[in-house]
Amino acid sequence: MLLDEECKGCLYNSQLKKVRRECGGGEKYDAFEKGVRALCQNPPADYCAPLLMRDINRLHAKIFGDVIDYSAERRLFNQKLLAMEDELYAEITAAADPVREAMKYAMAANYIDFARVSDLDEGAVDLVISAAARANPDSGVLGSLKSKLKSAKTLCFLHDNCGEIVLDKLLIRVIKQVYPQIEVISVVRGSPVINDVTEEDAEEVRLGDYARIVSNGTDIPGTYLKEVTPEVLSLIKYSDAVISKGLGNLETLYGEGYDIYYSFTCKCAHIAERFSSVLTSTVLTKEGE
């Protein structure tokens, strides 16, 4: 999905706000701001938002010596959601349709996204929980996914953000409970970029108890097929089912023709319009449906 003006403005504002808050301005900040403005004004014609964010992150590393640091935010949200895991799992598994209930939470958790809003605090968790109560996964798409999972041997799960990964883990736990024959392979980012999930985050939330963790090998906040490892490309092509979380994965994968189920929160007006939804609503969709 190609970059548009809304994406440029969002990334420009959110990342500059984050960096200025931490460095307080100065010559390095001025150089960074000038560089980000240039990146946003003149991106290649075939760019998508995750590639622009990758370039902003690399520019920060060049000027400041390291990528934009979201480690504190990642720890905060991972630990906050981990503290709720057992209670939420009990609630989900007591529901009439545990897969649907777990999907609602996983969909709503995509709200935790520092690419769009750089100063989320732990109050966002309460918004996620209340949004989960309102989430309504498309019955046709969810039914299609369940049908596929019933006979699937492998599920490739493309993760997105910190905190969110705990509720992804709950969905994976429920899927493995209902469909015990499935092996789940969880794909995470190759290195830190905004608050996207890395192998370190996966280890922190003990995702490996329920899935095999695989790095996509890139510093892009998405799944950019031209740069992911051959293993990840093969997983997307040949797994019996693929679930993609979040806008970064959507923006790099949608339209490539793969049989993928997409779950995300509409945090951008152009995304909401593209999927006939409204801002902040949750979506479960499949290409071609």
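Index from 1, following the sequence. Predicted model, so just to flag it, every value in this text is computed and none were measured.
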D168 and K245 ion-paired at < 4.0 Å: yes
After noting the C-alpha distance and the side-chain angles of F275 and Y262, does the key distance pass the ring pair (Phe, Tyr, Trp, His ring centres under 6.0 Å) rule? CA-CA 11 Å; F275 292 94; Y262 295 94; 7.9 Å; no
Please output the side-chain donor-acceptor pairs of residues 227-237 that fall under 3.5 Å, not counting sequence neighbours, one pair per line with the distance.
| unit_1 | atom_1 | unit_2 | atom_2 | d |
| --- | --- | --- | --- | --- |
| T229 | OG1 | V232 | N | 3.2 |
| E231 | OE2 | R212 | NH1 | 3.1 |

Any carboxylate oxygen within less than 4.0 angstrom of a Lys/Arg side-chain nitrogen, looking at E183 and K153? no
Could you check whether any side-chain N or O of K176 sits under 3.5 Å from a backbone N or O of I182, counting only pairs where one atom can act as donor and the other as acceptor? yes
Honestly, is R20 close enough over Y29, meaning NZ or CZ under 6.0 Å from the six-membered ring centre and within 45° of the axis? yes
Any idea which heavy atoms bring R206 and L82 closest together, and the distance? NH2-CD2, 4.1 Å
Roughly how far, to the nearest 0.5 Å, is SG of C48 from CZ of R54? 9.0 Å
List the residues meeting side-chain contact (heavy atoms from CB on, under 4.5 Å) with E91, not counting sequence neighbours, and say none if there are none. L88, E101, Y105
Spacing of K62 atom NZ and F32 atom CZ [to the nearest 0.5 Å]: 13.0 Å
Regarding N110 and D160, do their side chains bring together a donor and an acceptor under 3.5 Å, going by distance alone? yes
N249 (side chain) donor-acceptor with H159 (main chain) under 3.5 angstrom: yes
Do other residues, nucleotides or ligands put more than 12 heavy atoms under 6.0 Å from E6 CD? yes
Working to the nearest 0.5 Å, report the span between CG of L3 and OH of Y47. 9.5 Å
Answer yes or no: is there an ion pair linking R189 with D219, defined by an N-O contact shorter than 4.0 Å? no
Is there a donor-acceptor pair closer than 3.5 Å between any side-chain N or O of E204 and the backbone N or O of D201? no
Strictly below 4.0 Å, N to O, side chains only: are E33 and K28 in salt-bridge contact? no
Would K286 and Y261 count as a cation-pi pair here, with the cationic atom under 6.0 angstrom from the ring centre and within 45° of the axis? yes
Once rounded to the nearest 0.5 Å, what's the spacing between atom CG of L158 and atom OG1 of T223? 4.5 Å
Does K169 pair with E164 as a salt bridge, N-O distance under 4.0 Å? no
Cut-off 3.5 Å, side chains only: do R100 and N136 have a donor facing an acceptor? yes
